[in-house]
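The first residue in the sequence is number 1, and the count goes up from there. From a predicted model like this one, the values you see are computed outputs, not experimental measurements.
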Amino acid sequence: MNLRRMRQPGHYLRVLQVFDSFLAGWEPAVAAALPERAPWLRARSRRPFLQQDLQLLGAPAGETAVLPALPSGAAAWGSVYVMEGSALGGATISRSLAGAGLGPERGAAYFHGWGEARGRMWREARDVLESELACPEALAQACDAARATFDTLSALLEKAMNERAPAA
């Protein structure tokens, strides 16, 4: 994502709508692949922050994106890795958006995310991932799904923003 363009209101709204579209399809797919972890996943969802931003900025939600299937629990964990990691990247984006007058209560709650808790939550997610992906076969499936998740989100952003993103 082009951080300078993120400061342009129309561009920023389209980015939020792409993330909303992605999460609208992704969260149910991951919960279905990991039903025993659904409460843990729901507790970590940043989509409510995203919906708050869209409402505050007067933008409609995105349509639900069609995403690649998650054929196994290991694949779902690989996809979770990408989205959990994106919360860390959100800190950099959040700082950039602050320069445009956007903050957690002013349309940038999604990228601000869990704020000071983000580091602790990332360590917790890494511990869960390490436990769930202990065997080499599961780790290979997770890596493939992580790349597919990143590529899918990148393609959605590229299509909506007309920006070229590197493939994972």
Side-chain angles (χ1 to χ4, degrees), residues 1-31 39-68 70 76-129 145-168:
M1 292 182 301
N2 182 325
L3 290 181
R4 280 179 270 147
R5 287 192 69 201
M6 292 274 283
R7 293 176 178 215
Q8 300 168 2
H11 184 86
Y12 180 64
L13 287 176
R14 285 191 304 280
V15 168
L16 292 179
Q17 288 170 320
V18 169
F19 274 97
D20 185 59
S21 173
F22 178 83
L23 290 175
W26 182 81
E27 286 188 348
V30 171
W40 185 83
L41 293 163
R42 270 193 307 277
R44 302 174 76 82
S45 173
R46 289 182 294 138
R47 190 162 185 231
F49 297 135
L50 184 55
Q51 292 170 327
Q52 171 189 321
D53 291 341
L54 288 168
Q55 183 177 4
L56 183 72
L57 298 170
E63 294 183 21
T64 301
V66 177
L67 307 176
L70 295 169
W77 284 117
S79 194
V80 166
Y81 168 82
V82 172
M83 296 314 294
E84 288 288 328
S86 77
L88 295 175
T92 300
I93 295 169
S94 183
R95 284 190 296 275
S96 177
L97 292 173
L102 296 167
E105 302 297 325
R106 299 193 59 200
Y110 176 72
F111 290 109
H112 184 275
W114 301 108
E116 297 298 317
R118 95 173 40 91
R120 174 188 53 78
M121 292 177 80
W122 171 244
R123 287 186 298 277
E124 178 186 301
R126 282 188 17 219
D127 289 345
V128 170
L129 289 163
R147 282 188 293 274
T149 300
F150 183 80
D151 289 346
T152 298
L153 185 52
S154 294
L156 289 170
L157 286 164
E158 181 181 336
K159 181 179 176 186
M161 304 290 127
N162 198 25
E163 292 177 355
R164 188 80 173 121

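The nearest pair of heavy atoms linking Y110 to D53 is N-OD2, 2.8 Å. Taking every heavy atom of both residues into account, P28 and L23 meet most closely at CD-O, 3.9 Å. When all heavy atoms of G78 and A146 are compared, the closest pair comes out as O-CB, 3.4 Å. Contact detail for T64 and A24: the closest heavy-atom pair is OG1-CB, 3.5 Å. What you find for Q17 and A59 is that their closest heavy atoms are NE2-CB, 4.2 Å. The heavy-atom pair separating V15 from M161 by the smallest distance is N-CE, 3.3 Å.
Note: F49 and F19 fail the aromatic proximity criterion, with ring centroids not under 6.0 Å apart.
To the nearest 0.5 Å, the span separating CE on M83 from CZ on F22 amounts to 5.0 Å. Atom CZ of residue R47 and atom CZ of residue R42 lie 14.5 Å apart, to the nearest 0.5 angstrom. Taking CD of Q51 as the start and CG of L56 as the end, the distance is 13.5 Å to the nearest 0.5 Å. The structure places CD of Q55 at 8.5 Å from CD of Q52, a figure rounded to the nearest 0.5 Å.
The side-chain hydrogen bond (donor to acceptor under 3.5 Å, both in side chains) pairs that include a residue from residues 85-102 are R46-S86, T92-R95, where partners are two or more places apart or lie in different chains.
Formation of a donor-acceptor pair under 3.5 Å by the R14 side chain with backbone atoms of G10 is found in this model. Not one N or O on the side chain of R44 forms a donor-acceptor pair closer than 3.5 Å with the backbone of E84. For S21 (side chain) and E63 (main-chain N/O), a donor-acceptor pair under 3.5 Å exists by modelled atom type. A donor-acceptor pair is defined here as one N or O able to donate and one able to accept, closer than 3.5 Å; such a pair exists between the side chain of R118 and the backbone of H112.
Side-chain contact between F111 and L102: absent, with no pair of heavy atoms (C-beta onward) separated by less than 4.5 Å.
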Problem - side chain to side chain contact (heavy atoms under 4.5 Å, CB included) between T152 and W26, intermediate numbers included - result: CA-CA 11 Å; T152 298; W26 182 81; over 6 Å; no
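Shown here is Y12, whose OH atom has more than 12 heavy atoms of other residues, nucleotides or ligands within 6.0 Å.
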